[in-house]
Amino acid sequence: MKFSDRIQKVDRRIIYVILLIAVVLPLVFRLGFKTYTTTPVENLYRHIDAIAGKDDMAILMDFTHDPGVLPELYPMDLAILRHCFERNIKVFTISFLPQGAAIIQMALSEVKEDYPNIEANVDYCNFGFKPWSTKLPIMLGMGDDIAEAVETNSEGLKLENLPIMQNMKNYDNIQVVVEISGSSMGQFWVIYARAKFGVDVAVGLTAVMAADVYPYLQSGQFVGSLGGLKGAAEYEQLVDIFAMNGLEFSKKKARDMEWVEAQYEELPELAQLYKYNKARIGMDAQAIVHVLIIFFIILGNIGYFLDRRAQKKSM
Amino acid sequence: MTETIGIWIAAFLTLCMFSFLYKDNPFYKFAEHLFVGVSMGYYIPYTYYNAFIPYAYNPLFLKKEYILIIPFIIGFLYWFRFSSKFSWVSRYPIAFGMGMVGMGVPMSMHATVLVQMRSMMLPLDNINIILIFVGTISILLYFFFSKAHEGVYGKFTSVGIWFMMVGFGASFGYTVMARISLLIGRIQFLLGDWLGLIK
């Protein structure tokens with residue numbers, strides 16, 4: 001078999017093994033590649049951070065995703081919750097999928113174990129699972145009265161009696177709705193909540209969906225977005241270098257890699273936990289695999305052109 | 001102890017799924033069928049206790065909110081799908097659902113058409129806006145088939161193809177990233193939670 005044929009007919013199982021090695025090695029021996037933050041992620045961070053310490057403002061996180069997309073979205077869930085708990089930002093959580101309710105519980109309990117002073121129904125409130133068919137009445141109803149539209153939290157307690165709700169009425173008290181999903185659910189929030197009530201909407205999406213949101217970012221209908229594992233890694237970094245060090249966000253500083261590196265050296269132990277670095281460690285493997293895939297594409301094309309040249313010569 | 005057992009089961013099932021990469025086999029089939037069964041088994045009782053009980057049974061039978069009988073009956077009509085003779089009855093709740101979709105049309109027009117068009121109509125004072133303008137116009141004209149794509153017009157519409165190719169490339173790149181992220185997630189689980197090699 002000729003060289004050009006051989007490189008075009010490599011057994012797929014060999015490619016799988018090479019890919020596996022390319023993923024495993026960077027995870028075990030950390031490479032520590034730099035993370036460069038981008039505008040959509042910075043905008044979301046700044047938007048959420050703007051209500052730090054305010055009792056009458058909160059963010060609403062919609063966890064309408066299932067375990068199939070956890071590797072990409074769960075680091076986002078943890079990073080945003082950690083940002084909120086670190087900076088004393090009130091959080092509401094909701095899911096219109098049954099599986100999402102379990103993910104909310106998992107994420108809240110995982111972050112809460114590092115923030116023992118954070119109290120349920122005081123600093124955050126989990127609305128829990130609400131059936132898909134109630135999505136529209138809830139989205140529209142929250143524009144008038146959140147407590148009336150959602151009615152109860154995940155434990156079945158009436159919202160109107162909870163301490164966190166004392167200064168919260170409707171979307172005027174919601175800084176941003178952050179839709180974290182592997183679907184176009186974010187557009188529902190834009191169509192029903194933003195178009196009618198003007199509430200700001202942002203999204204955390206699987207990478208497959210990420211390219212679709214750019215028109216909405218350009219028009220300002222999404223105030224920010226996190227695209228896949230890369231977006232999660234960027235948000236993790238912003239939480240580390242600003243929130244964990246008690247600093248206000250600055251775009252100039254976030255882009256100054258020397259300053260960023262210096263901040264990493266002064267991080268508390270909490271920020272160094274594996275669970276809060278998962279996306280950045282994953283991005284090391286991602287970078288190696290991307291280089292490998294580019295190499296395979298180039299190799300395949302070399303084989304194709306060699307083959308074509310040989311065919312032309314033989315004609 | 002319970003957590004450890006759970007991790008071992010999850011690791012075994014992950015390896016069963018990965019075994020398909022070599023070739024189809026009984027371990028893969030077992031894990032695949034188990035996944036479907038567990039998903040449905042989880043979904044049905046969860047929906048029953050979190051949707052049917054609080055939104056239908058409790059208000060209707062405990063709080064005596066009899067107005068709910070109307071949506072209850074409309075929803076019940078869906079069950080006629082299982083009868084070949086009376087399946088036409090199930091079209092009524094579907095029609096009701098379509099009416100609900102209609103409610104969203106004006107807001108959808110506003111958010112997905114009008115606001116997006118407005119963001120196109122900006123002064124061409126920076127390179128990004130110019131690129132968006134040229135890209136949108138050339139792609140729209142490419143899909144205008146009442147005029148032959150020839151001459152200067154044809155060349156301009158071929159610019160639209162280039163813009164679309166860049167878009168497809170970006171989507172493909174993101175798709176590769178998404179798929180590799182899923183693999184990374186599973187490997188992180190196997191190496192970290194199961195084998196304890198990464199902490």
Side-chain angles (χ1 to χ4, degrees), chain A residues 12-13 16 19-20 23-24 27-28 30 66 68-72 74 98-99 101-102 128-134 136 151-152 156 182 187-188 190-192 194-196 206-212 214-216 218-221 227-230 274 278-279 281-283 285-286 289-290 293, chain B residues 18 21-23 39 42-47 49-52 54-55 71 75 97 100 103-104 106-112 114-120 128-129 132 136 167-192 197-199:
Chain A
R12 63 189 165 85
R13 283 167 289 203
Y16 292 149
L19 265 180
L20 184 69
V23 171
V24 170
L27 294 180
V28 178
R30 291 189 199 165
D66 58 22
V69 289
L70 277 189
E72 286 188 276
Y74 195 60
Q99 301 95 319
F129 164 66
K130 300 293 168 193
W132 184 258
S133 52
T134 63
L136 285 189
E151 289 185 35
T152 56
Q187 286 176 19
F188 277 101
V190 166
I191 290 168
Y192 293 102
R194 183 177 168 78
K196 190 149 191 242
T206 52
V208 173
M209 301 291 299
D212 295 347
Y214 279 91
Y216 290 89
Q218 192 256 334
S219 65
Q221 296 203 86
L229 200 65
K230 172 78 167 75
Y274 178 68
K278 224 172 179 178
I281 294 168
M283 281 308 293
Q286 187 83 251
V289 172
H290 279 208
I293 288 171
Chain B
F18 280 169
L21 294 174
Y22 184 71
K23 64 177 185 182
S39 300
Y42 180 78
Y43 197 86
I44 292 170
Y46 203 94
T47 308
Y49 286 111
N50 291 282
F52 179 74
Y55 290 95
M100 290 284 288
M103 187 185 79
M107 285 186 272
S108 185
M109 274 293 287
H110 173 81
T112 59
L114 299 180
V115 177
Q116 290 306 120
M117 281 174 64
R118 190 178 61 201
S119 69
M120 264 290 300
N128 288 338
I129 303 289
I132 291 168
T136 308
F168 297 150
S171 291
F172 175 71
Y174 266 128
T175 305
V176 170
M177 189 167 103
R179 301 302 174 232
I180 297 299
S181 298
L182 298 182
L183 174 66
I184 290 169
R186 280 295 80 194
I187 300 293
Q188 279 179 325
F189 166 75
L190 291 174
L191 295 179
L197 291 176
I198 46 176
K199 280 174 186 157

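Here is how names work: the chains are called A, B, and so on, in the same order as the sequence lines, proteins then strands, and each is numbered from 1. Just the heavy atoms: all of them, side chains too, but no hydrogens, waters or symmetry mates, feed the values below.
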> Using a cut-off of under 4.5 Å for heavy-atom pairs, which of V115(B), L197(B), T175(B), L183(B) has the most such pairs with chain A?
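Answer, by heavy-atom pair count under 4.5 Å with chain A: V115(B).
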> Which atoms form the tightest heavy-atom contact between M177(B) and K230(A), and what is the distance?
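Closest heavy-atom pair between M177(B) and K230(A): CE-CB, 3.6 Å.
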> Highest number of heavy-atom pairs under 4.5 Å with chain A: which of L182(B), L190(B), N128(B)?
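Looking at each option in turn, the highest pair count goes to L182(B).
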> Quick check for you: to the nearest 0.5 Å, what is the distance between E72(A) atom CD and R179(B) atom CZ?
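Nearest 0.5 Å value for the CD-CZ distance: 8.0 Å.
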> Which atoms form the tightest heavy-atom contact between A111(B) and Y216(A), and what is the distance?
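Looking at all heavy atoms of both residues, the shortest contact is O-CE2, 4.4 Å.
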> Which pair of non-hydrogen atoms, one from P71(A) and one from G185(B), has the smallest distance, and what is that distance?
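Looking at all heavy atoms of both residues, the shortest contact is CB-CA, 3.6 Å.
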> Check whether any side-chain heavy atom of P131(A) sits under 4.5 Å from a side-chain heavy atom of N50(B), and report yes or no.
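A side-chain contact under 4.5 Å is absent here.
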> Of all heavy-atom pairs between I198(B) and V28(A), which one has the smallest distance, and what is that distance?
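Shortest heavy-atom separation between I198(B) and V28(A) comes out as CG2-CA, 3.8 Å.
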> Do the side-chain N and O atoms of Q218(A) and Q116(B) include a donor-acceptor pair separated by under 3.5 angstrom?
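The answer is no; no qualifying pair exists.
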> Indicate the atoms forming the closest heavy-atom contact of Y46(B) with A101(A), along with that distance.
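Smallest interatomic distance, heavy atoms only, reads OH-CB, 3.2 Å.
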> Could you check if a side-chain atom of L21(B) sits within less than 4.5 angstrom of a side-chain atom of R13(A), using non-hydrogen atoms only?
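A side-chain contact is absent here, since even the closest heavy-atom pair is not under 4.5 Å.
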> Return the minimal non-hydrogen interatomic distance between M103(B) and L136(A), and the atom names on each side.
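Minimum heavy-atom separation between M103(B) and L136(A): CE-CD1, 3.8 Å.
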> If you count heavy-atom pairs under 4.5 Å between each of S39(B), A170(B), S108(B) and chain A, which one has the most?
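Going by pairs under 4.5 Å, I would pick S108(B).
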> Between the side chains of S181(B) and Q286(A), is a donor N or O closer than 3.5 angstrom to an acceptor N or O?
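Judged by distance alone, the side chains do pair up.
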> Out of Y42(B), Y22(B), Y43(B), return the one with the most heavy atom pairs under 4.5 angstrom to chain A.
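Among the listed options, the one with the most contacts to chain A is Y22(B).
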